[in-house]
Amino acid sequence: MDFPRAVPLAIFLLVAAVTVLSVFSIERGERVRASAELQRQAQLMVSAVERRAYSNSSFLRAGAALFGAQNDITADLFRQFVSELRLDADYRGAEGIGWAPAISSDQIERFEQQLNRGKIGLTHVQPTLAEQYRQQLVPILYLQPDTLRNRRALGYDMYSEPTRRAAMDQATRTVRPTASGRVTLMQDGGNDESGFLIYMPVFDGAGANRSLKGFVYSPFNASQFLDSAAELSTSGQASVRLYDIDGDERLLMAETGGWSAEGETVEREIDLANRPMLLVVQSTRDAALSSLSMITLLFGLAVASLLLFVARLLTQQAQEDSRSLEWFAQQNSIRNSLTRELNHRVKNTLANVLSIVSLTRRRATSLDEFAEGIDNRIRALSATHDLLTQSEWGTTPVRSVISVELAPYTNERDHEVVTEGPEVELAPNDALSLGLAVHELATNAAKFGALSMPGGKVSITWELVNESLARIEWIESNGPKVNLPQKRGFGTDLIEKIVAHELRHPVELEFHPEGVRCTLLVPVREPSEFALRSNRRKATRGH
């Protein structure tokens with residue numbers, strides 16, 4: 001069976017296309033699954049952040065209840081209160097819990113005395129009144145746990161900073177825990193880390209007689225707060241950013257690691273302690289192919305390659321079988337042609353032999369003369385046949401035919417043989433006829449002409465008359481005087497009848513006194529019938 005050469009490639013491309021479609025389907029399913037997972041992670045993150053904020057609000061409400069019920073809260077009492085809260089993991093990200101009373105400018109001295117009671121070194125309210133005149137101040141009095149970091153914030157008037165002041169005013173109006181916008185915590189010592197605070201107001205009295213007593217609050221490092229919430233929800237499978245929404249502007253407060261410029265994101269607005277904020281969750285899924293897609297792709301390519309290899313082997317085998325069949329058919333055709341050619345040439349050769357025998361018999365005077373004549377002429381045919389055999393019965397050069405027939409005379413020093421002409425190739429039958437003619441001329445010259453005595457000269461020249469005809473001239477000189485023969489000899493009849501008939505052109509044979517001259521016109525045939533043999537040899541080598 002003969003397969004087209006494109007079949008292996010078509011099979012490979014078909015399997016590869018199926019593989020690619022399978023990978024595409026798997027990846028699309030993976031994207032849908034990843035999108036759903038990202039939605040789930042975003043919801044978990046929102047819940048975790050709100051849980052953090054709710055837990056903190058609960059602690060702040062407890063603190064507000066304490067300060068609302070007690071007129072004077074000492075540092076020891078506040079420390080004991082915070083320790084009894086037993087802040088657990090839900091409070092991670094917060095710097096602690098603090099108290100900041102609401103005072104007027106004439107109460108600053110009393111506040112500083114209370115702030116510095118039992119401490120080495122003095123802490124003053126910051127910023128001072130000289131820097132900014134204020135009717136109300138909310139300086140930090142307590143901040144637990146009592147660490148060196150938290151001590152940096154003591155005495156700081158939070159009401160002097162616009163973002164903190166806006167959050168405290170909002171908390172006072174709503175009487176609810178309220179988060180501030182993005183700020184830099186005093187604990188950070190001027191670093192650029194973002195933070196925020198949640199305030200819970202504390203009042204004296206009730207109704208129209210109610211007055212602001214101060215704020216229980218918690219400061220938060222935004223990055224730590226976001227990381228603690230992400231640990232509860234994403235398990236490292238997503239990156240998160242927290243933005244503060246200030247009107248139409250988004251202010252980046254914090255982000256977890258692994259955030260990239262590209263990647264699918266989900267946005268969720270949250271209410272963080274009475275303040276709108278925005279969570280943006282991004283999938284950390286690698287853009288590379290999933291493991292299932294890689295397995296499918298590799299398996300598909302392996303199958304496609306295997307099928308390509310097998311199909312290629314089948315195609316090559318089919319092509320080899322086809323070439324073998326063509327070669328056998330060609331060999332059969334060549335064999336038939338060679339058989340016809342051999343029959344034709346054998347018939348021609350036998351016809352020549354019969355003619356030679358007939359002419360020799362009619363002109364022989366004795367049996368020895370007949371035998372000698374037959375022997376010489378058959379040998380001439382044999383010599384030309386050997387030459388044709390050497391050329392595998394292809395075209396034969398004129399020079400080679402002449403050289404074979406004149407070989408017995410070219411080595412003798414007492415006479416001269418000259419051959420000259422271009423390279424001309426003859427068909428096998430024409431080469432046989434020319435060989436007979438040259439043999440008869442050479443035999444006659446050796447007996448009666450220029451080759452029979454010292455100093456004699458035979459000149460054989462040839463030229464192309466046109467593309468299909470060559471002229472060959474035999475000229476004898478310096479030999480004995482030639483007389484016109486009284487009767488026609490065998491050589492004359494052989495040349496003028498047999499050779500002329502085979503060459504299909506008349507032969508001019510002249511007996512000049514100074515030497516015999518003979519002019520032959522030999523066809524230069526197209527070697528179409530010999531191309532068959534050439535093709536046979538090529539086919540044999542190719543097979």
Side-chain angles (χ1 to χ4, degrees), residues 38 41-60 87-98 140 143-145 147-153 156 158 161-164 166-167 177-199 217-246 249-263 265-284:
L38 185 61
Q41 293 289 342
Q43 188 60 43
L44 289 176
M45 189 65 192
V46 170
S47 300
V49 171
E50 290 178 347
R51 176 183 172 185
R52 292 281 190 231
Y54 179 80
S55 299
N56 177 259
S57 297
S58 298
F59 292 131
L60 294 182
L87 304 178
D88 55 13
D90 287 340
Y91 213 70
R92 288 181 56 192
E95 299 289 340
I97 297 179
I140 300 172
L143 183 57
Q144 291 293 327
T147 63
L148 180 62
R149 174 181 172 81
N150 283 339
R151 289 176 185 176
R152 295 176 184 171
Y156 175 67
M158 294 184 289
E161 196 273 319
T163 302
R164 291 176 173 85
T178 302
S180 71
R182 185 181 66 177
V183 299
T184 300
L185 300 178
M186 292 302 296
Q187 290 93 323
D188 291 331
N191 293 336
D192 293 334
E193 290 191 44
S194 298
F196 64 94
L197 305 100
I198 298 179
Y199 295 98
Y217 79 99
S218 286
F220 289 86
N221 181 288
S223 295
Q224 295 178 7
F225 176 80
L226 188 63
D227 287 341
S228 65
E231 290 177 2
L232 294 178
S233 58
T234 62
S235 301
Q237 298 180 8
S239 297
V240 186
R241 278 185 173 180
L242 178 64
Y243 290 91
D244 175 34
I245 300 177
D246 187 6
E249 186 179 3
R250 294 181 178 181
L251 302 177
L252 178 63
M253 297 187 68
E255 68 178 19
T256 60
W259 190 272
S260 63
E262 299 179 356
T265 59
V266 173
E267 296 183 356
R268 290 285 188 274
E269 288 190 7
I270 60 173
D271 185 3
L272 180 63
N274 203 26
R275 182 175 182 86
M277 291 193 179
L278 180 68
L279 273 177
V280 181
V281 183
Q282 182 184 65
S283 174
T284 56

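This is a predicted model, so every value here is computed, not measured. Below, all heavy atoms of this structure are taken into account, side chains as well, without hydrogens, waters or symmetry copies.
Of all the heavy atoms in Ala167 and Ala179, the pair that sits closest is CB-O, 3.8 Å. Of all heavy-atom pairs between Ser57 and Pro177, the closest is OG-CB, 3.6 Å.
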field: Pair Gln41-Val266, side chain to side chain contact (heavy atoms under 4.5 Å, CB included): steps then yes or no
entry: CA-CA 9 Å; Gln41 293 289 342; Val266 173; over 6 Å; no
- request: Take Gln282 and Thr256, measure what side chain to side chain contact (heavy atoms under 4.5 Å, CB included) needs, and give me the verdict at the end.
  value: CA-CA 10 Å; Gln282 182 184 65; Thr256 60; over 6 Å; no
- request: Would you check, one step at a time, whether the test side chain to side chain contact (heavy atoms under 4.5 Å, CB included) holds for Tyr156 with Arg164?
  value: CA-CA 12 Å; Tyr156 175 67; Arg164 291 176 173 85; 3.7 Å; yes
query: Which is it for Phe225 and Leu272 under the side chain to side chain contact (heavy atoms under 4.5 Å, CB included) test, yes or no, and what are the steps along the way?
result: CA-CA 12 Å; Phe225 176 80; Leu272 180 63; 4.1 Å; yes
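Aromatic ring pairs are classed by plane angle as parallel below 30°, tilted from 30° to 60° and perpendicular above 60°; the pair Phe220 and Phe196 is parallel.
Under the 4.0 Å criterion applied to side-chain N and carboxylate O atoms, Asp246 and Arg182 are not assigned as salt-bridge partners.
Using a 4.5 Å cut-off on side-chain heavy atoms (C-beta onward), Tyr199 and Met158 make contact. For the pair Met277 and Leu242, the minimum side-chain heavy-atom distance is below 4.5 Å. Ile270 places none of its side-chain heavy atoms less than 4.5 Å from the side chain of Met45. Residues Thr163 and Leu197 are not in side-chain contact: their nearest non-hydrogen atoms beyond the backbone lie 4.5 Å or more apart.
Side chain of Thr178 to main chain of Asn274: no donor-acceptor pair is present (N/O by atom type, distance under 3.5 Å, no hydrogens or angles). Under a 3.5 Å cut-off, the side chain of Asn221 and the backbone N or O of Glu193 do not form any donor-acceptor pair. Looking at Ser218, its side chain never comes within 3.5 Å of a backbone N or O of Ile198 through a donor-acceptor pair.
The distance from the CG atom of Leu143 to the CZ atom of Arg152 is 12.5 Å, given to the nearest 0.5 Å. Between the CZ atom in Arg52 and the CG atom in Leu226 there is a gap of 10.5 Å [rounded to 0.5 Å]. The structure places CE of Met186 at 7.5 Å from CD1 of Ile140, a figure rounded to the nearest 0.5 Å.
Every residue meeting the salt bridge (charged side-chain N to carboxylate O under 4.0 Å, His left out) condition with Glu267, not counting sequence neighbours, appears here in chain and number order: Arg250. In this view, Arg241 and Tyr243, Leu252, Glu255, Trp259, Val280 satisfy the side-chain contact (heavy atoms from CB on, under 4.5 Å) rule, not counting sequence neighbours.
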